[in-house]
Q: 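Have a look at this one before I ask anything.
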Amino acid sequence: MRLSDTVALITGAGSGIGRATAELFAREGARVVVADLRLERAEETVGRIEAAGGKALALAADVSFKDQVERMTAQALTTCGRVDVLVNCAAVASGDDILHIEEEEWDLNLRVVLKSVYLCCRAFLPGMIERRGGAIVNVSSVNGLSGLSEEAYSAAKAGVINLTRNLAIKYGHHQVRANAICPGTVRTPIWGPVVQKDPQIFEKLSKWYPLGRVGEPEDIARAALFLASPEASWITGEVLNVDGGLMAGSYGMSRALMSKEDQP
Ligand SMILES: NC(=O)c1ccc[n+]([C@@H]2O[C@H](COP(=O)([O-])OP(=O)(O)OC[C@H]3O[C@@H](n4cnc5c(N)ncnc54)[C@H](O)[C@@H]3O)[C@@H](O)[C@H]2O)c1
C-alpha cells in the first residue's frame, strides 16, 4: 500500500477525477477526506470507498470562499488529526471568448479554479511545515499551457501552475512537495453541457490525441497517486502532462506534412 498511514484531503472529490483519485487513494491505504460543494456527491464517493473497505469522510465546502475553507479545515483536523496530502481538484469551466464572457463568469472561474488553491494550500501548509512533511497535488490542465479556448478557465489554470512552482521552491526545505498535473480531455461530468450539444464530442476530440483516445478519470488518479506517494519523494515543482501526448506537438499538423505512404 503506497499511502498507508496517510490522511489525504481531495477537493471536488464528489465527481470525475476527484472521485477516482479518492477511491484509488483509499485503496492504497489512505484515509480520505472527500470535500465537495455538493454534500450528496461527497457522500456518494464516501459510500463507494466504504463499500470497498476503505476509510473516508464527506465534507461540504465551497472551496472558493475563505470562511468555508476554514470550516472544512477545522472539521478535517478535528476528525483526522492532520492532513498529509492535499489534492486541489475542484473546478468549474464556463464561458468562452473574452469578448463575450460576462465579468461575473470571469470572476467565478478565477475564484473556483485559482483562488481555491490559494485558500486550501494556505489552510493546510502550516501543519505540513510543522510536521516537516506533506504533498500537494494541484490539478491544472493543458489549457494552462496552451491556447485552447475557454479563456478565463485557462488563465486560472496557468495561475495554478505558477502557484505550484512557487510553493515548491518556498516550502521544499520544510519537506513539503508541490506538483501539478495537466490533464488533457478526460471523460467526466464537467463535459456534460458539451456532450448534450454534441454526443460524439469525445470521439471527435480523440483524433487530436497521439494515443488515439481521450482520458479516463483513473488515468489522472494514477498520476496523482504517484506524485502524492513516497515514490515521488524527490520530485517537486514538476508539471506532469497526463494528456495522451497532446502537448508533445501538433499531431494534426504532422499528419498534414507527411505523405500518405509515410503515415503510420
Ligand atoms: N475533464 C477534463 O477534461 C479535464 C481536463 C483538464 C483538467 N481537468 C481538471 O480536473 C479537475 C476535476 O474535473 P472533472 O473533470 O473531474 O470535473 P467534475 O465536474 O466531474 O468534478 C468537479 C467537482 O468539483 C466540485 N466543485 C465545483 N466547484 C466547487 C467549489 N467551489 N467547491 C468545492 N467543490 C466544487 C463539483 O461539485 C464536482 O463534484 C478540475 O480541476 C478540472 O479543471 C479536467
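Computation of the quantities below employed the complete heavy-atom set of this structure, encompassing side-chain atoms and omitting hydrogens, waters and symmetry-equivalent molecules. Quick caveat: nothing in here was measured; it's all calculated off a predicted structure. When a ligand or atom number is given, it counts from 1 through the structure's own listing order.
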Q: For P189, take its heavy atoms, then give the atoms of ligand 1 lying under 4.0 Å from any of them.
A: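 This gives 20 (O) as the contact atoms.
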Q: Tell me: protein heavy atom nearest atom 9 (C) of ligand 1, and distance?
A: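 So the nearest neighbour among protein heavy atoms is V139 CG1, 3.7 Å.
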Q: Is R222 paired with E218 through a side-chain N to carboxylate O contact shorter than 4.0 Å?
A: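 The answer is no: the pair does not qualify as a salt bridge.
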Q: Could you tell me which atoms of ligand 1, counted from 1 in the order shown, lie closer than 4.0 angstrom to a heavy atom of A61?
A: 32 (N), 33 (C)
Q: So is R38 polar-close to ligand 1, meaning N/O to N/O under 3.5 Å?
A: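 No - when backbone and side-chain N and O of R38 are compared with those of ligand 1, no distance drops under 3.5 Å.
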Q: One thing to verify: whether D62 and K115 come together as a salt bridge, which I'm taking to mean a side-chain N less than 4.0 angstrom from a carboxylate O.
A: no
Q: Please lay out, stage by stage, how R41 and S15 fare under the test side chain to side chain donor-acceptor pair (under 3.5 Å).
A: CA-CA 7 Å; R41 286 188 182 174; S15 175; 4.6 Å; no
Q: Do any N/O atoms on C89 end up under 3.5 angstrom from N/O atoms on ligand 1?
A: yes
Q: Using a 4.0 Å cutoff against the non-hydrogen atoms of T185, which atoms of ligand 1 qualify?
A: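 So the answer, numbered in order with elements, is 3 (O).
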Q: Between the candidates A20, A42, G12, which shows the shortest non-hydrogen contact distance to atom 23 (C) of ligand 1?
A: G12
Q: Give the residue, atom name and distance (to 0.1 Å) of the protein heavy atom nearest atom 37 (O) of ligand 1.
A: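 Closest protein heavy atom to atom 37 (O) of ligand 1: D36 OD1, 2.6 Å.
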Q: Does an N or O from V142, backbone or side chain, lie closer than 3.5 Å to an N or O of ligand 1?
A: no
Q: Counting heavy atoms only, which part of R41 comes closer than 4.0 Å to ligand 1: side chain, backbone, both or neither?
A: side chain
Q: Which protein non-hydrogen atom lies closest to atom 27 (C) of ligand 1, naming both residue and atom, and how far is it?
A: A91 O, 3.5 Å
Q: What atoms in ligand 1 come closer than 4.0 Å to a heavy atom of G16?
A: 16 (O), 20 (O)
Q: Counting heavy atoms only, which part of A93 comes closer than 4.0 Å to ligand 1: side chain, backbone, both or neither?
A: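 Within the 4.0 Å criterion, A93 makes no contact with ligand 1.
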Q: Any idea which protein heavy atom is nearest atom 18 (P) of ligand 1, and the distance to it?
A: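 Nearest protein contact, heavy atoms only, for atom 18 (P) of ligand 1 is S15 OG, 3.6 Å.
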Q: Give the atoms of ligand 1, by number and element, whose distance to some non-hydrogen atom of I17 is under 4.0 Å.
A: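 Reading through ligand 1 atom by atom, the close ones are 10 (O), 12 (C), 16 (O), 44 (C).
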Q: With a 4.0 Å heavy-atom cut-off (strictly under), which part of A35 contacts ligand 1: side chain, backbone, both or neither?
A: neither
Q: Decide side-chain contact (heavy atoms from CB on, under 4.5 Å) for T185 and W208; before the verdict, give the C-alpha distance in whole Å, the side-chain angles of both, and the deciding distance to 0.1 Å.
A: CA-CA 10 Å; T185 306; W208 295 99; over 6 Å; no
Q: Among all protein heavy atoms, pick the one closest to atom 30 (C) of ligand 1 and tell me residue, atom and distance.
A: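 Its nearest protein heavy-atom neighbour is D62 OD1, 3.7 Å.
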Q: Any idea which atoms of ligand 1 are less than 4.0 Å away from a heavy-atom of S141?
A: 6 (C), 7 (C)
Q: Side chain, backbone, both or neither: which part of V112 has a heavy atom under 4.0 Å from ligand 1?
A: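 Only the side chain of V112 comes within reach of ligand 1.
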Q: With distance as the sole test, does S154 use its side chain to make a donor-acceptor pair with the main-chain N or O of G144 at under 3.5 Å?
A: no
Q: Would you check whether F65 reaches within less than 4.0 Å of ligand 1, judged by its heavy atoms?
A: no
Q: What protein heavy atom sits nearest atom 34 (N) of ligand 1, and how far away is it?
A: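 Protein heavy atom with the smallest distance to atom 34 (N) of ligand 1: L37 N, 3.1 Å.
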Q: Taking all atoms of both residues into account, what is the closest heavy-atom pair of K157 and S140, and its distance?
A: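 Scanning both residues, the minimum pair turns out to be O-OG, 2.9 Å.
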Q: Is the closest heavy atom of S140 to ligand 1 under 4.0 Å?
A: yes
Q: With a cutoff of 4.0 Å, is G184 in contact with ligand 1, counting heavy atoms of the residue only?
A: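 So G184 counts as touching ligand 1.
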Q: Compare all side-chain heavy atoms of L119 with those of F65 and state whether any distance is below 4.5 angstrom.
A: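 Heavy-atom side-chain distance check fails, nothing below 4.5 Å.
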Q: Could you list which atoms of ligand 1 come closer than 4.0 Å to a heavy atom of G14?
A: 39 (O)
Q: Taking the non-hydrogen atoms of K157, is any one of them nearer than 4.0 angstrom to ligand 1?
A: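 Per 4.0 Å heavy-atom rule, K157 contacts ligand 1.
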Q: Tell me which protein heavy atom sits closest to atom 17 (O) of ligand 1, plus the residue, atom name and distance to 0.1 Å.
A: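 In this structure, atom 17 (O) of ligand 1 has I190 CB, 3.4 Å as its nearest protein heavy atom.
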Q: Looking only at protein heavy atoms, which one is nearest to atom 8 (N) of ligand 1, and what is the separation?
A: Y153 OH, 3.6 Å
